Amino acid sequence: MKQGLEIIDSIQKKQNVTLEKLRFLLETQDKEVLEYLKHLASQTTLAIYDNHIYIRGLIEFTNICKNDCLYCGIRKSNTNAERYRLTKEDILSCCHTGYELGFRTFVLQGGEDGYFTDELICNIVSSVKKQHPDCAVTLSIGEKTFESYQKYFDAGADRYLLRHETANEAHYQTLHPSELSLENRKRCLRDLKDIGYQTGCGFMVGSPNQTIETLYEDLQFIRDLQPQMVGIGPFIPHKDTPFAAKPAGTLDRTLRLLSVIRLIHPHVLLPATTALGTIHPQGRELGILSGANVVMPNLSPSQVRKKYMLYNDKISSGEESAEGLKDLKQRMESIGYQVVVARGDYK
Ligand code: 5AD
């Protein structure tokens, strides 16, 4: 058998990748090897999750953030961002709409906004769970203490998304202000897992200063943490950030990494992210065909969507939106997959 194909088989068998194998897979231009990578990754997903695509209704409930991450459009020092907060009633109304459409997971995502105290978050979480006991609630609200995470969990939160962004210390420092540390980020992820959340980490593909070596560290971090979810999407510059002039991550590299993540961590819930849909009109479908099995359409009220601008030209309508669900279903069917009405827990 050809050497490139053997490399892919060995990654699948060992559920691990070496730096040299990763370099080979990210650099090869051999079409047959790349087809085989996709093939094995998507077969792996099909064997565990069938052809089912899980959908998550994303509610971006505040774009106010105390952090100043260099890549992010809603960073504190971006005075051009028009800030907003949704009320608890707004959030519940989004969930109601989403439930009718067939969503059984709601992702409450926001900046690190002190207005939303632990008490308020718990109140919102328990209200959503009370109205929709058959649904999962995912929080994505940043770094908190163990005690806060425990309170949200006790209030009914099932899952938590917190991308680690990069597992390399020096790289982490180039993406974040000095108040933030990789050490605390990792502490948060461990706490979340210990408490019992289905936990998601992840990173941007092609973030400034990322190398194959730092990506290798990301993959080792994933192997070590064993998260239930991994979110990756291309870095896309935002015009009002220090990284405005940096090049975006590529579709091709993101797809290759989705496949590698599927092979080294077969059961992971792996979204074809909004950023992937933003850089290519068929990004979502290509992501699924590379091993992803989750899509997260936007359920936020339409008047605030343009304000949650993490990066330039972030999509929020069409197949990306909850109203565009019919289109999303058709797109998934056209590639042999079906959108299901289910919580879509980790298997
Ligand atoms: N490009 C792509 N993804 C971004 N995120 C933040 N800013 C950008 C950007 N410019 C991602 C981060 C964060 C998630 C909510 O959005 O990885 O964790």
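Keep in mind it's a predicted model, so treat the numbers as computed, not measured. Read the numbers this way: they start at 1 and go in the same order the structure lists the ligands and their atoms.
In this structure, of E60, Q109, E165, R163, the residue bringing a heavy atom nearest to atom 15 (C) of ligand 1 is Q109. When T273, L276, I236, L70 are checked for heavy-atom proximity to atom 1 (N) of ligand 1, I236 turns out nearest. Among A275, P234, G111, C69, the residue whose heavy atom sits closest to atom 2 (C) of ligand 1 is P234.
Between E169 and L182, the shortest heavy-atom distance links the atoms N-CD2, 3.7 Å.
Nearest protein heavy-atom neighbour of atom 16 (O) of ligand 1: L310 CD1, 3.5 Å. The protein heavy-atom contact nearest to atom 7 (N) of ligand 1 is Y71 CD1, 3.4 Å.
Ligand 1 lies out of reach of G233, whose nearest heavy atom is not under 4.0 Å from it.
In this structure, a donor-acceptor pair under 3.5 Å is absent between the side chains of R75 and T241.
At a heavy-atom cutoff of 4.0 Å, ligand 1 is contacted by the side chain of M204 but not by its backbone.
In terms of modelled atom types and a separation under 3.5 Å, the side chain of D90 and the main chain of T87 share a donor-acceptor contact. At distances below 3.5 Å, at least one donor-acceptor pair connects side-chain atoms of H267 with backbone N or O atoms of K347.
Ring planes of F203 and H164: perpendicular class, angle over 60° (limits at 30 and 60°).
Applying the side chain to side chain donor-acceptor pair (under 3.5 Å) test to every pair with at least one member in residues 332-341, sequence neighbours left out, gives no pairs at all.
Side-chain contacts under 4.5 Å among hydrophobic residues (ILVMFWY), followed directly or transitively, place F243 together with L70, Y71, L175, M204, F235.
Annotation: Y311 places no N or O atom under 3.5 Å from an N or O atom of ligand 1; distance criterion only.
Close contacts of ligand 1 with F235, meaning ligand atoms under 4.0 Å from a residue heavy atom, involve 1 (N), 2 (C), 10 (N).
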